[in-house]
Protein chains: 2
Amino acid sequence: MKGFLSFLILWLVHKRNMTGAEIALELEKRKGRRPSPGTIYPVLKHLKGAGLLSIDESKCYSLTKRGRKELEAHLNTFFQTFCDIDEMRSCRKV
Amino acid sequence: MKGFLSFLILWLVHKRNMTGAEIALELEKRKGRRPSPGTIYPVLKHLKGAGLLSIDESKCYSLTKRGRKELEAHLNTFFQTFCDIDEMRSCRKV
DNA sequence: CTTTAAATATCGATTATCCGATACAATTAC
DNA sequence: GTAATTGTATCGGATAATCGATATTTAAAG
């Protein structure tokens, strides 16, 4: 299950181009806790280094073409891994 | 995103009591690759040590009461983290 | 302009996830 | 009942995810 943080970050940036701080805020909204700078910036650096994210002058990240491809692949494995996600959801609703 | 493998294993065992080998097979079905023994058994040991799983004479794992509580908590954070899962799904269907 | 505050970045340490190799145990096949 | 296979387990090493501390850069306030 390694690579899930990267996957989620790709997804967030896909929805809207964001700065590191905005990504951290969004992760806080979702996970209940703001990731520390030591979590977020190294991942962003790695993703940029891997050619999946690009960054503009105002430090705003966006997906590259490779990033979009990678996100697509991650989405496929995600839904295959959690193939019974509806069952998981209804289980929770009890 | 640490703890996702444990979460998935709790979910699988919740659906059906299983041995380590069965869990490995199910993970292969979902993720496309069978986890190596060096992945699966340490996690199982940890989960057992944390009182989330119990194991019977025939090495079949089942959830403890604490394991069920833990699974429930994980389910909640999972669906909060992936709150836009339907959007993710439809994005993939293009 | 300087001070303050916020965002970006790096560092060292810890835990989770992962592999392949090896070892040991239990089951199945002859 | 031994031999081969399968399942269980541990080990060492790698990478990802995480923190908190610190440092640096950038932006805002005064």
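Below, chain A is the first sequence line, B the second, and so on; all start at residue 1.
- Applying the 4.0 Å criterion to OP1 and OP2 of D:dA9, one finds that B:Lys59 has a side-chain N or O inside that range.
- Counting to the nearest Å, the C1' atom of C:dA26 and the CD atom of B:Glu57 are 15 Å from each other.
- Residue pairs meeting the salt bridge (Lys or Arg N to Asp or Glu O under 4.0 Å) criterion with at least one partner in residues 51-75 of chain A, sequence neighbours excluded, are absent.
- Closest to the side chain of B:Tyr41, out of C:dT8, C:dT17, D:dT10, is D:dT10.
- Side-chain N/O atoms of B:Ser6 include none lying less than 4.0 angstrom from OP1 or OP2 on C:dA16.
- Between B:His46 and B:Gly38, the residue anchored closer to the 5' end of DNA chain C is B:His46, taking for each the nucleotide with the nearest heavy atom.
- One finds no salt bridge joining A:Lys15 and A:Glu26 here, because no Lys/Arg side-chain nitrogen approaches an Asp/Glu carboxylate oxygen to under 4.0 Å.
- Taking only side-chain nitrogens and oxygens, A:Lys2 never comes nearer than 4.0 Å to OP1 or OP2 of C:dC19.
- Counted by atom type alone, A:Ser54 and A:Ser62 present one or more donor-acceptor pairs between their side chains at under 3.5 Å.
- Nearer to the 5' terminus of DNA chain D, by closest-nucleotide assignment, is the contact made by B:Arg34 (compared with the other of B:Arg34 and A:Ser58).
- For A:Cys91 against B:Leu75, the heavy-atom pair with the smallest separation is SG-CD1, 4.1 Å.
- Straight-line distance from the CG atom of A:Leu44 to the P atom of C:dA7: 14 Å, rounded to whole Å.
- With D:dC19, D:dT10, C:dA9 as the candidates, the nucleotide lying closest to the side chain of A:Pro35 is D:dC19.
- Partners of B:Tyr41 according to the ring-ring contact (aromatic ring centres under 6.0 Å, His included) rule, which considers only residues two or more places apart in sequence or in another chain, do not exist here.
- Proximity note for B:Ser36 (side chain, C-beta onward) versus D:dA17, D:dT10, C:dG20: the nearest is C:dG20.
- We find that CG of A:Leu27 is positioned 15 Å from P of C:dA7, with the value rounded to whole Å.
- A:Leu8 places its CG atom 17 Å from the P atom of D:dA16, with the value rounded to the nearest Å.
- Checking C:dA7, D:dT10, D:dC19 against the side-chain heavy atoms of A:Arg33 singles out D:dC19 as nearest.
- Taking atom CG on B:Asp56 and atom P on D:dT8, their separation rounds to 11 Å, with Å as the unit.
- One can place CZ of A:Phe4 at 11 Å from P of C:dT17, the figure rounded to the nearest angstrom.
- Using a 4.0 Å cut-off, some side-chain N or O of B:Thr39 falls inside it from OP1 or OP2 of C:dC19.
- Between the CD atom of A:Glu22 and the C1' atom of C:dT8 there is a distance of 13 Å, rounded to whole Å.
- Note: NZ (A:Lys45) to P (D:dA16) measures 14 Å, nearest angstrom.
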